[in-house]
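Following: one structure in structure tokens, then a few remarks.
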There are 2 protein chains.
Amino acid sequence: MKLDKVPEVVIQRLPRYYRYLGELLEEKTNRISSMELSRRMGLTSSQIRQDFCSFGEFGLQGYGYNVKYLREEIGKILDLDRMKRMIVVGAGNLGQALANYQFDKVGFELIGIFDINPRLNGFAIRNIKVMMMDALESFVQENQVDIAVLTIPEEAALDVGMYLEKTGIQAIWNFTPVDLNTMLHICVKNVHLDENLMTLAYEYKNLLKKQA
Amino acid sequence: MKLDKVPEVVIQRLPRYYRYLGELLEEKTNRISSMELSRRMGLTSSQIRQDFCSFGEFGLQGYGYNVKYLREEIGKILDLDRMKRMIVVGAGNLGQALANYQFDKVGFELIGIFDINPRLNGFAIRNIKVMMMDALESFVQENQVDIAVLTIPEEAALDVGMYLEKTGIQAIWNFTPVDLNTMLHICVKNVHLDENLMTLAYEYKNLLKKQA
DNA sequence: TAGATTGTTAATCGATTAACAATC
DNA sequence: TAGATTGTTAATCGATTAACAATC
């Protein structure tokens, strides 16, 4: 039963399946049952079969799933094969850290870094020199840019976000604490680290309470 | 109807409520209705009332919610008041970036940074010198450490995670791509940046498809 | 063929939305 | 008092789990 639209919750789980299947491949395992995979991942086998069913039929009765094939299919759904071109906007600590990350494996290639601080002008990270923000517009016109990683201070987030949208960039990976997705019409994924840490604080409190 | 256990999904939303209520406070708004808040946040008013109801009664019929009071109560639930002591393990790009972050606002104080690279020994970030890993055990014994931020390479993640658990640290904010929560018995929050980026790739693909 | 395991339907569980009596 | 808005119950929706016929 191949659905037209894969449910959002399933999409959220795909990268994790992709990683586990990659690990299996490294262990030279070329087939796996939903039961065995469920044990490894801490899910139910029902959920795994239901998830895979939502975007196609990848298994074989009495056999299980072919690891390599299943992994490739998930990669296709997530569009990991096609290279996307990425720039980092905001070359502070976090921006530099992300610029050093190896996102090539998941299909992202870093082609530019931008900042407003003149002292960073020309400073190179992985052979890519930091450019000034006023050079961004022409850069986007001359180079196809798929996605901008936004690592600037909160105060500038909305302005720069709207500016990026205006240049024609259609996806933003947003590390500022501003909910840009509700304000822009392009594709935005928020990473709110502070919110994540707050939920950890809650869980930690509960752990301590249980021990007391 | 105050529930014994606040549902996980509600907890995930609390930091966002906390942030919006903080913004309202800065605008000197001291009361808000579920209807008005729902407009701002892009939720339904029903959900907001249902969420708040799950951990108490904070509103007043015909009036709405007192912004300052509601925010404080959410802060208490998340345990943001009590200061937690935090160390960063792995002083690479990401570790340094996080060490520079201001997490004091949400109740976390950085008290130590650790790495295995001797060249970083003594290098200071925000007045905190990087220490070598072999000094970690005695450091934990002499200082109460609540949480470790784990920003080390994937290969070392499991070993160091188990080591941290053994020292008595009870919470890990895990930035490695390893699912430590399934392997350790302490409180672990995973931040899998690569997985997050993969779901952005999926959404971006769909956006392009819609336009074609 | 017999055993194993999928794909899929049905049952359950939980979360969101709608509705409205209670009450400020 | 009249209007507004909560707290809460009921209805709906969606996601997870259970079960099993189909089939390799």
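Sequence lines set the chain letters: A, B, ... in the order given, protein chains first and strands last, and positions in each chain run from 1. Treat the numbers as computed from the prediction; the structure is a model and nothing was measured.
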Side-chain ion pair, A:E109 and A:R82, N-O less than 4.0 Å: no
Near B:I128 CD1, under 6.0 Å, is it more than 12 heavy atoms from other residues, nucleotides or ligands? yes
Nearest whole Å is fine: how far is C:dA18 P from B:I48 CD1? 14 Å
Pairing of A:D51 and A:R13 as salt bridge, 4.0 angstrom limit: yes
If you measure from the Lys or Arg side-chain nitrogens to the Asp or Glu carboxylate oxygens, is any gap between A:D104 and A:R126 under 4.0 Å? yes
For A:R13 and D:dG14, what is the distance between atoms CZ and P respectively, to the nearest whole Å? 16 Å
How close or far is atom C1' of C:dT16 from atom CD of A:E8, stated in whole angstroms? 16 Å
Cation-pi between B:R31 and B:Y63: NZ/CZ under 6.0 Å from ring centre and within 45° of the ring axis? yes
Does B:R40 count as lying over the ring of B:Y20, i.e. NZ or CZ under 6.0 Å from the six-ring centre, within 45 degrees of the axis? no
Considering only heavy side-chain atoms of A:Q47, the closest of C:dT16, D:dT17, D:dG7 is D:dT17
The residue, A:I32 or B:V10, whose nearest nucleotide of DNA chain C is more 5′ is A:I32
Provide, to the nearest angstrom, the distance between the CG atom belonging to A:D51 and the P atom belonging to C:dT6. 13 Å
Atom-to-atom span, CG of A:L37 to C1' of C:dT6 - whole angstrom: 14 Å
Atom CD of B:Q12 to atom C1' of C:dG14: distance rounded to whole Å? 16 Å
Base of D:dT6, side chain of B:Q50 - is there a donor-acceptor contact under 3.5 Å? no
Indicate whether OP1 or OP2 belonging to D:dT16 is found under 4.0 Å from a side-chain N or O atom of A:T44. no
Rounding to a whole Å, what distance do you find between A:N66:CG and C:dT6:P? 13 Å
Whole angstrom value for the distance that separates P of D:dT8 from CZ of B:F52: 15 Å
salt_bridge(B:D179, A:R19) N-O dist < 4.0 Å: yes
Which nucleotide, in any strand shown, forms a Watson-Crick or G-U wobble pair with D:dT6, with both distances under 3.5 Å? C:dA21
Judged by each residue's nearest nucleotide on DNA chain D, which is more toward the 5′ side, A:S46 or A:V9? A:V9
Report, one pair per line, the protein and nucleotides 3-5 of chain D atoms (nitrogen or oxygen only) whose separation is under 3.5 Å.
| unit_1 | atom_1 | unit_2 | atom_2 | d |
| --- | --- | --- | --- | --- |
| D:dT5 | O4' | B:G62 | N | 3.0 |
| D:dT5 | O2 | B:G62 | N | 3.3 |

